[in-house]
Amino acid sequence: MTKRVLGIIGGSGVYNIDGLENPTWKKIETPWGDPSDALLFGTYAGVDMVFLPRHGRGHVQTPTTINYRANIDAMKRAGVTDLISVSACGSLKEELPPGTFVIVDQFIDRTFAREKSFFGPGFVAHVPMAHPVCPALSNALVEAAAQENIRHAKGGTYICMEGPQFSTLAESHLYRSWNCAVIGMTAMPEAKLAREAELPYALVGMVTDYDCWHPDHEHVTVDAVIKVIHENAANARKIVCAVAERLTGTRKPSPLGIETVLDVAVMTAPEKRDPALMAKLDAVAGRILK
Ligand SMILES: CSC[C@H]1O[C@H](OP(=O)(O)O)[C@H](O)[C@@H]1O
Ligand SMILES: Nc1ncnc2[nH]cnc12
């Protein structure tokens, strides 16, 4: 049975995790370039944890320039078995006010300027994304939020825009008409790459604003987002700690078979595979390339 290593990717305002035992920042090299920052290794409640600030400490990378492939590869190389993403997002529904934690279960990807796959010419693979999050990890997040009395919503669609500008009013109304719950700029291609790397993934969106559609609320600004993030920092920390406490004990495989998704995904004939690309896939697809 694999030992659990819980990965956490923190978004805007979440550049560190306090309270880890034996915290150590380590730089990890990947064949895809540099991750956003070094990774923070430590343990909490007996669970091995690895943390990465998505934009880097000091918030250096934009949603577009984040090297999502390097970030996911580095997590995989660090031995992460389960990945939780923490992200600020705007609300597209009246009933999800700022301060709500949304445990997302679907995504719409509207990004267009990012590398979205580890695979390519010489190693073509198609992984299923119908159910993009791990139900077991998402349930752990829901239970953790309930235990900590944090206002939360189970499920909801996250629309990922390219940014870095916020949406126009017409776009915000359009996404509401699509029944999206929250909007952000960073969950994609992160969630897709996690699936390609056979990593169970779940996302908790911290609602910071009502984007720009709400007639009774100011349209979103960075100031407002940062203010709400600071107000919610304690809850973000509580949810991460409570989820780690729920994930002690023997790790069960994801109910969706995410850890073996590449068994039925690869198209390229063995004799046509590109050795250079396969070498780069040593961490992501190492299980099937051995
Ligand atoms: C500072 S608001 C825009 C910023 O926040 C959201 O997500 P994350 O927490 O991952 O940084 C959004 O996607 C933008 O990156
Ligand atoms: N309204 C919004 N749109 C996109 N990303 C966000 N992150 C936080 N609030 C956001």
Side-chain angles (χ1 to χ4, degrees), residues 7-17 35-37 51-68 71-72 75 83-94 96-104 107-114 141 156-176 178 180-194 201-233 235-237 239-240:
I8 308 280
I9 299 184
S12 295
V14 184
Y15 308 109
N16 207 333
I17 296 196
S36 300
D37 206 329
F51 170 77
L52 173 65
R54 180 182 288 118
H55 299 272
R57 281 167 289 176
H59 207 109
V60 179
Q61 299 298 333
T62 76
T64 300
T65 64
I66 289 169
N67 188 340
Y68 295 93
N71 285 356
I72 295 295
M75 283 292 192
L83 186 54
I84 287 178
S85 164
V86 180
S87 210
C89 52
S91 168
L92 298 168
K93 288 184 186 277
E94 180 81 50
L96 301 174
T100 310
F101 283 56
V102 180
I103 294 90
V104 164
F107 297 98
I108 295 178
D109 184 3
R110 297 252 306 169
T111 64
F112 51 81
R114 305 172 186 195
L141 279 167
T157 299
Y158 173 127
I159 185 152
C160 194
M161 62 183 293
E162 184 63 49
Q165 304 85 359
F166 291 114
S167 304
T168 64
L169 183 57
E171 287 166 339
S172 202
H173 284 312
L174 177 67
Y175 304 148
R176 273 170 54 71
W178 291 351
C180 297
V182 289
I183 182 162
M185 305 177 191
T186 50
M188 286 289 171
E190 191 176 88
K192 288 176 173 170
L193 293 167
Y201 177 92
L203 184 139
V204 56
M206 290 195 286
V207 173
T208 51
D209 57 88
Y210 272 115
D211 199 37
C212 61
W213 62 271
H214 201 301
D216 303 332
H217 290 264
E218 293 290 324
H219 58 72
V220 55
T221 62
V222 163
D223 271 5
V225 169
I226 297 297
K227 185 169 176 283
V228 178
I229 286 172
H230 285 151
E231 286 165 8
N232 282 284
N235 277 348
R237 190 182 133 60
I239 208 168
V240 167

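One-based numbering, in listed order, for ligands and for the atoms of each.
For the atom pair F112 CZ and T64 OG1, the distance stands at 7.0 Å (nearest 0.5 Å).
For ligand 1, the polar-atom distance check against V225 finds no nitrogen or oxygen pair separated by under 3.5 Å. Ligand 1 has no N or O atom lying under 3.5 Å from any N or O atom of Y158, backbone or side chain. At least one N or O atom of T186 sits closer than 3.5 Å to an N or O atom of ligand 1.
Although no hydrogens or angles enter the test, the distance criterion places no donor-acceptor pair under 3.5 Å between the side chain of R57 and the main chain of Y15. Looking only at distances, no side-chain donor or acceptor of H55 sits under 3.5 Å from a matching main-chain atom of V60. The backbone N or O of I159 sits nowhere less than 3.5 Å from a side-chain atom of R110 that would complete a donor-acceptor pair. Checking side-chain atoms of W213 against main-chain N and O of E171 turns up no donor-acceptor pair under 3.5 Å. Between the side chain of R54 and the backbone N or O of A187 there is no donor-acceptor pair closer than 3.5 Å.
Within ligand 1, counting atoms from 1 as listed, the ones closer than 4.0 Å to a heavy atom of S87 are 7 (O), 8 (P), 9 (O), 10 (O). Under a 4.0 Å criterion applied to the non-hydrogen atoms of G184, ligand 1 contributes the atoms 13 (O).
Every residue two or more places apart in sequence or in another chain was checked for a ring-ring contact (aromatic ring centres under 6.0 Å, His included) with F166, and none qualifies. Evaluation of the side chain to side chain contact (heavy atoms under 4.5 Å, CB included) rule for A170 yields T168 as partners, not counting sequence neighbours.
Only side-chain heavy atoms of P63 come within less than 4.0 Å of ligand 1; its backbone N, CA, C and O stay farther off. By the criterion of a heavy-atom distance under 4.0 Å, the side chain of H55, and not its backbone, is placed next to ligand 1.
Atom 3 (C) of ligand 1 has F166 CE2, 4.2 Å as its closest protein atom, hydrogens excluded (heavy atom only). Ranking the protein heavy atoms by distance from atom 6 (C) of ligand 1 puts A88 O, 3.2 Å first. Among all non-hydrogen protein atoms, the one lying nearest atom 12 (C) of ligand 1 is M185 N, 3.6 Å.
If you look at ligand 2, the protein residues with a non-hydrogen atom under 4.0 Å away are A88, C89, G90, M161, F166, I183, G184, M185, T208, D209, D211, V220.
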Donor-acceptor list for residues 226-233 side chains, cut-off 3.5 Å, not counting sequence neighbours:
| unit_1 | atom_1 | unit_2 | atom_2 | d |
| --- | --- | --- | --- | --- |
| K227 | NZ | E231 | OE2 | 3.1 |
| N232 | ND2 | V228 | O | 2.8 |

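When the shell of 6.0 Å around NE2 of H217 is examined, it contains more than 12 heavy atoms from other residues, nucleotides or ligands.
When S12, A224, P164 are checked for heavy-atom proximity to atom 8 (P) of ligand 1, S12 turns out nearest.
The two residues I8 and V240 make their nearest non-hydrogen contact at CD1-CG1, 3.9 Å.
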